[in-house]
**Q** 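I have a structure I would like to understand better, so I am pasting it below and will then ask my questions one at a time.
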Amino acid sequence: MAAKKLLILPGDGIGAEAMVQVRRIIDWLSKKRGIEFDISEGLIGGCAYDACGTPLPEQTLIDAMAADAVLLGAVGGPKWDDLPFDKKPERGLLGIRKEMGLFANLRPAVVFDALVDASTLKAEIVSGLDIMIVRELTGGLYFGEPRGIETLPDGSRRGVNTLVYTTEEIRRIGRVAFDLARKRNRRVCSVDKANVLECTVLWREEMIKLQQSDYPDVELTHMYVDNAAMQLVRNPKQFDVMVTENTFGDILSDCASMLTGSLGMLPSASLGAPDATGKVRALYEPIHGSAPDIAGKDIANPLATILSFAMCLRYSFDMVSEADQIEAAVRGVLKGGLRTADIMQPGKAKVSTTVMGEAIVREMDKVQA
Ligand code: NAD
């Protein structure tokens, strides 16, 4: 089998520091499992601006389109804060997502047993939590037309945004959710506001049709978004996969991420449509930013980036046992009491980014044994 093409974009600040730890795992997979990736590394964000005068160099885009998956660290930092809008590091991120046509954002919220106390919710509510929020990323209220602010004849102003989805946009995000559910517990909860918004009446109807025609083996339920927000903090373990509109998903996924208690632990994936060869474009990244306040100090938590790489193995490369192994190693190291500063708890050992990375690789030997 041809080696999978992986484009690594470390980016700025702690993005680059965490990626060094992912490289350790890649080396481990090569040495211990004989798995070779066809890896290239590219520039994005502030470092790309410094080198090429743009946050998204043409070459990065060419490499991203040719890759089987892209793994990104983070972009941004105060050094680039005063650049014009189109040169800012964050434009690189928005640009690559747009060019790759990434319409589905996958945000898992998993609570590791050892970190159950890091959540602001009671342990019994979140222990063992493992849910996946699938957010539509390129349509809905954030992109609908007409939009804007206009001045009315009487001098007052009017702001407009539009919630709009087509059948095909709903069906393609539905397929992502149902396919994911098949790899998990076969349950999808579609979140809408069909009691008020016609667009989401269509959303619900299309989800039902899709489930009946293509996914009869997956259970489909529906929930209004206000209730879903409440249920996420009341009883989050009732969910397996949630699928929802762009704005609703933005809010619900942030709410769900806080169930787990730490930004430094949260991976994500963004997927596009299959191309003519069936390849699905995919970008994996931690949800945190470049953390300029701690960059360069070797104290950042690399686990969100490591877990993003595990998602890449699971969803883009079909390397399920290797993904399982990385996730088991993360659980093992946390259980053993090692913590980076952001997840430090009394009685545990505070370690650096580097030591955490080394510990994960050592643990992978044990998990394999
Ligand atoms: P941030 O996520 O970088 O940091 C928020 C806080 O969380 C900081 O105190 C930081 O130290 C801490 N933190 C984040 N990740 C951590 C980790 N892995 N380990 C330990 N602590 C961690 O968000 P911000 O401060 O709002 O933004 C900083 C820069 O990052 C900005 O330039 C912003 O535009 C950019 N940003 C980029 C992305 C991305 O690349 N996807 C996302 C968000 C923000």
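Both counts, for ligands and for their atoms, begin at 1 and track the order of listing. One is the number of the first residue; the rest follow in order along the sequence.
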**Q** Does a donor on one side chain sit under 3.5 Å from an acceptor on the other, for Ser30 and Glu36?
**A**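 Note: Ser30 and Glu36 side chains meet the donor-acceptor criterion.
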**Q** Decide whether an N or O pair under 3.5 Å exists between Ala291 and ligand 1.
**A**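 Yes, Ala291 has an N/O under 3.5 Å of an N/O on ligand 1.
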**Q** Taking the six-membered ring for Trp, are the ring centroids of Trp203 and Tyr165 within less than 6.0 Å of each other?
**A** yes
**Q** Which is it for His288 and ligand 1 at heavy atoms under 4.0 Å: side chain, backbone, both or neither?
**A**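 The part of His288 near ligand 1 is both the backbone and the side chain.
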**Q** Hydrogens and angles aside, do Asp298 and Thr354 bring a side-chain donor and acceptor to less than 3.5 Å of each other?
**A** yes
**Q** In ligand 1, which numbered atoms sit nearer than 4.0 Å to a non-hydrogen atom of Asp342?
**A**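 That gives atoms 19 (N), 20 (C), 21 (N) of ligand 1.
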**Q** I need the contact type for Pro89 against ligand 1. Using non-hydrogen atoms and a strict under-4.0 Å cut-off, is it side chain, backbone, both or neither?
**A**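 The answer is neither; Pro89 stays 4.0 Å or more away.
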**Q** Counting only nitrogen or oxygen atoms and a 3.5 angstrom limit, does Val75 reach ligand 1?
**A** yes
**Q** Decide if atom CG of Asp82 counts as having more than 12 heavy atoms of other residues, nucleotides or ligands within a radius under 6.0 Å.
**A** no
**Q** Ala300 heavy atoms, cut-off 4.0 Å: which ligand 1 atoms fall inside?
**A** 19 (N)
**Q** What protein heavy atom sits nearest atom 7 (O) of ligand 1, and how far off is it?
**A** Leu263 CD2, 3.6 Å
**Q** Regarding Asp342 and Ser262, do their side chains bring together a donor and an acceptor under 3.5 Å, going by distance alone?
**A**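 Side chains of Asp342 and Ser262: pair found under 3.5 Å.
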**Q** State, without any angle test, whether Asp250 and Tyr142 hold a side-chain donor-acceptor pair at a distance under 3.5 Å.
**A**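 The criterion, which ignores hydrogens and geometry beyond distance, is satisfied for Tyr142 and Asp250.
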**Q** Pick whichever of Ser290, Gly13, Gly76, Gly45 has a heavy atom sitting closest to atom 30 (O) of ligand 1.
**A**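 Among Ser290, Gly13, Gly76, Gly45, the closest heavy atom to atom 30 (O) of ligand 1 comes from Ser290.
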**Q** Could you identify the single nearest non-hydrogen protein atom to atom 11 (O) of ligand 1 and state the distance to 0.1 Å?
**A**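 Looking at atom 11 (O) of ligand 1, the protein heavy atom closest to it is Asp293 OD1, 2.8 Å.
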**Q** May I ask you to check whether Ala74 has an N/O atom sitting below 3.5 Å from an N/O atom of ligand 1?
**A**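 The answer is no, given that Ala74 and ligand 1 share no N or O pair closer than 3.5 Å.
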**Q** Any donor-acceptor pair under 3.5 Å linking the side-chain atoms of Asn105 with those of Ser270?
**A** yes
**Q** Examine distances only and state if a side-chain atom of Glu58 and a backbone atom of Leu61 form a donor-acceptor pair shorter than 3.5 Å.
**A** no
**Q** Would you say the rings of Tyr315 and Tyr284 are close, in the sense that their centroids are separated by under 6.0 Å?
**A** no
**Q** What do you think, any protein heavy atom under 4.0 angstrom from atom 25 (O) of ligand 1?
**A**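 Protein heavy atoms within 4.0 Å of atom 25 (O) of ligand 1 - there are none.
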**Q** Please report whether atom 9 (O) of ligand 1 has a protein non-hydrogen atom at a separation of less than 4.0 Å.
**A** yes
**Q** With a 4.0 Å cut-off on heavy atoms, does Ala304 reach ligand 1?
**A**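 No, Ala304 has no heavy atom closer than 4.0 Å to ligand 1.
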**Q** Which residue holds the protein heavy atom closest to atom 22 (C) of ligand 1, what is that atom called, and what is the gap in Å?
**A** Ile294 CD1, 4.0 Å
**Q** Can you check which of Gly289, Pro302, Ala295 brings a heavy atom nearest to atom 42 (C) of ligand 1?
**A** Gly289
**Q** Below 4.5 Å, heavy atoms only, C-beta onward: do Met207 and Val243 meet side chain to side chain?
**A** yes
**Q** I need the contact type for Asn301 against ligand 1. Using non-hydrogen atoms and a strict under-4.0 Å cut-off, is it side chain, backbone, both or neither?
**A**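 Looking at Asn301 and ligand 1, atoms from backbone and side chain both fall under 4.0 Å.
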**Q** Specify the protein heavy atom at minimum distance from atom 27 (O) of ligand 1: its residue, its atom name, and the distance to 0.1 Å.
**A**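 For atom 27 (O) of ligand 1, the nearest protein heavy atom is Pro292 CD, 4.7 Å.
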**Q** Using a 4.0 Å cut-off to any heavy atom of Glu90, which atoms of ligand 1 qualify?
**A** 31 (C), 32 (O), 33 (C), 34 (O), 35 (C)
**Q** Check each heavy atom of Leu93 against ligand 1 and say whether those closer than 4.0 Å belong to the side chain, the backbone, both or neither.
**A**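 For Leu93, the contact with ligand 1 is made by the side chain alone.
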**Q** Short N/O distance, under 3.5 Å, between Asp81 and ligand 1?
**A**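 By distance alone, the answer is no.
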**Q** Is a side-chain donor-acceptor pair under 3.5 Å present for Asn235 with Gln231?
**A** no
**Q** Give the numbers and elements of all ligand 1 atoms closer than 4.0 Å to a heavy atom of Glu285.
**A** 41 (N)
**Q** Is ligand 1 under 4.0 Å from a heavy atom in the side chain of Thr340, in the backbone, in both, or in neither?
**A** neither
**Q** Counting only non-hydrogen atoms of the protein, does one fall under 4.0 Å from atom 40 (O) of ligand 1?
**A**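 Protein heavy atom within 4.0 Å of atom 40 (O) of ligand 1: present.
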**Q** Side chains of Gln325 and Met364, heavy atoms from C-beta outward: is any pair under 4.5 Å?
**A**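 Yes, their side chains come closer than 4.5 Å.
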**Q** Considering residues, nucleotides and ligands other than Glu198, do more than 12 of their heavy atoms fall under 6.0 Å from its CD?
**A** no
**Q** Could you tell me, atom by atom, which parts of ligand 1 come under 4.0 Å of a heavy atom of Ile14?
**A**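 Matching atoms, with element in brackets: 15 (N), 16 (C), 17 (C), 18 (N).
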**Q** Can you see which heavy atom on Ser257 is nearest to which on Ile287, and at what distance?
**A** CB-CD1, 4.2 Å
**Q** Using a 4.0 Å cut-off to any heavy atom of Gly77, which atoms of ligand 1 qualify?
**A** 32 (O)
**Q** Indicate whether the side chain of Trp80 and that of Asp50 have a donor and an acceptor atom separated by less than 3.5 Å.
**A**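 There is such a pair (donor and acceptor under 3.5 Å, judged by atom type) between the side chains of Trp80 and Asp50.
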